[in-house]
Amino acid sequence: QVQLVESGGGLVQAGGSLRLSCAASGRTLRWYHMGWFRQVPGKEREFVAAISWSGSNTILADSVKGRFTISRDNTKNTVYLQMNSLKPEDTAVYYCASRRAGLLTSSRSDYEYWGQGTQVTVSS
């Protein structure tokens, strides 16, 4: 089993930046694709970004392209989400998730393990 813990959330002004981290324990992430999702109250959890187990392939939601970057360091068992040019509509709880290597997808149902989430609030 993989335990995932997100950190790095907080309050930031519009236009600012944050870097989220997702640290894994219990098993190496080396053979897992990783994803970031976000959720606001009353809405479904939505896809933000995903990265393949090797780091060679990434997927980004259209709403964050050009602003967010996903990366990973398998030696540290950690995945990152660099968020720049933040907007108030980026406000949400951000979750990381893992998926056994196979297809790299943006589908929430394909991810097996989830963290508890970290709150990101962007003020206007």
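Reckoned from all heavy atoms, side chains included, excluding hydrogens, waters and symmetry mates.
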Hey, does His33 have a side-chain heavy atom less than 4.5 Å from the side chain of Arg100?
no
Locate the shortest heavy-atom distance separating Ala50 from Tyr111; write the atom from each residue and the value.
CB-OH, 3.4 Å
Can you give me the closest heavy-atom contact between Ser98 and Leu4, atom names plus distance?
N-CD1, 3.9 Å
side-chain contact (heavy atoms from CB on, under 4.5 Å) evaluation trace for Met83 with Tyr94:
CA-CA 11 Å; Met83 306 186 295; Tyr94 283 71; 3.9 Å; yes
What are the two closest heavy atoms between Gln82 and Ser17, and how far apart are they?
NE2-CB, 4.0 Å
Flag side-chain contact, heavy atom, 4.5 Å: Val48 against Leu81
yes
Geometric cation-pi criterion, Arg108 with Phe47: 6.0 Å, 45°
no
Using the six-membered ring of Trp53, assess whether NZ or CZ of Arg72 lies under 6.0 Å from its centre and within 45 degrees of the ring axis.
no
Give a yes-or-no answer on whether the side chains of Asp73 and Thr78 include a donor-acceptor pair shorter than 3.5 Å.
no
What I want to find out is whether Lys65 reaches Asp62 closely enough, with some N-O distance under 4.0 Å, to be called a salt bridge.
yes
Can you tell me how far CG of Leu103 sits from CG of Asp110, rounded to the nearest 0.5 angstrom?
8.0 Å
Could you tell me whether Arg19 sits above the aromatic face of Tyr80, with NZ or CZ closer than 6.0 angstrom to the six-membered ring centre and within 45 degrees of the axis?
yes
Side-chain touch Thr91/Gln119, heavy atoms, less than 4.5 angstrom
yes
Minimum side-chain heavy-atom gap Glu6-Leu20 below 4.5 Å
no
Please determine whether the number of non-hydrogen atoms from other residues, nucleotides or ligands lying under 6.0 Å from atom CD of Gln116 exceeds 12.
no
Where do Val79 and Ser71 come nearest, in terms of heavy atoms and distance?
CG1-O, 3.3 Å
Using the rule that two of Ile, Leu, Val, Met, Phe, Trp, Tyr join whenever any of their side-chain heavy atoms come within less than 4.5 Å, decide whether Phe37 and Val122 are in one cluster.
no
Test item: side-chain donor near acceptor, Ser109 and Ser107, under 3.5 Å
yes
Distance col, row Ser85:OG vs Arg67:CZ, nearest 0.5 angstrom, shows 7.0 Å
What are the two closest heavy atoms between Leu18 and Leu86, and how far apart are they?
N-CD1, 3.9 Å
Spatial distance of atom OG (Ser63) from atom CD (Glu46) [nearest 0.5 Å]:
5.5 Å
Working for ring-ring contact (aromatic ring centres under 6.0 Å, His included), residues Trp36 and Phe68
CA-CA 11 Å; Trp36 285 97; Phe68 291 12; 10.0 Å; no
Hey, does Trp114 have a side-chain heavy atom less than 4.5 Å from the side chain of Arg45?
yes
Asn77 side chain to Leu29 backbone, donor-acceptor under 3.5 Å
yes
If I compare all heavy atoms of Asp90 with all of Arg38, which pair ends up nearest, and what's the gap?
OD1-NH1, 2.9 Å
Look at the side-chain heavy atoms of Ile, Leu, Val, Met, Phe, Trp and Tyr, link any pair under 4.5 Å apart, and say whether Val64 and Leu104 land in one connected group.
no
Measuring only between side-chain heavy atoms, which start at C-beta, is Thr105 closer than 4.5 Å to Arg99?
yes
Would you say the side-chain atoms of Thr118 pair up with the backbone N or O of Gly9, donor to acceptor, closer than 3.5 Å?
yes
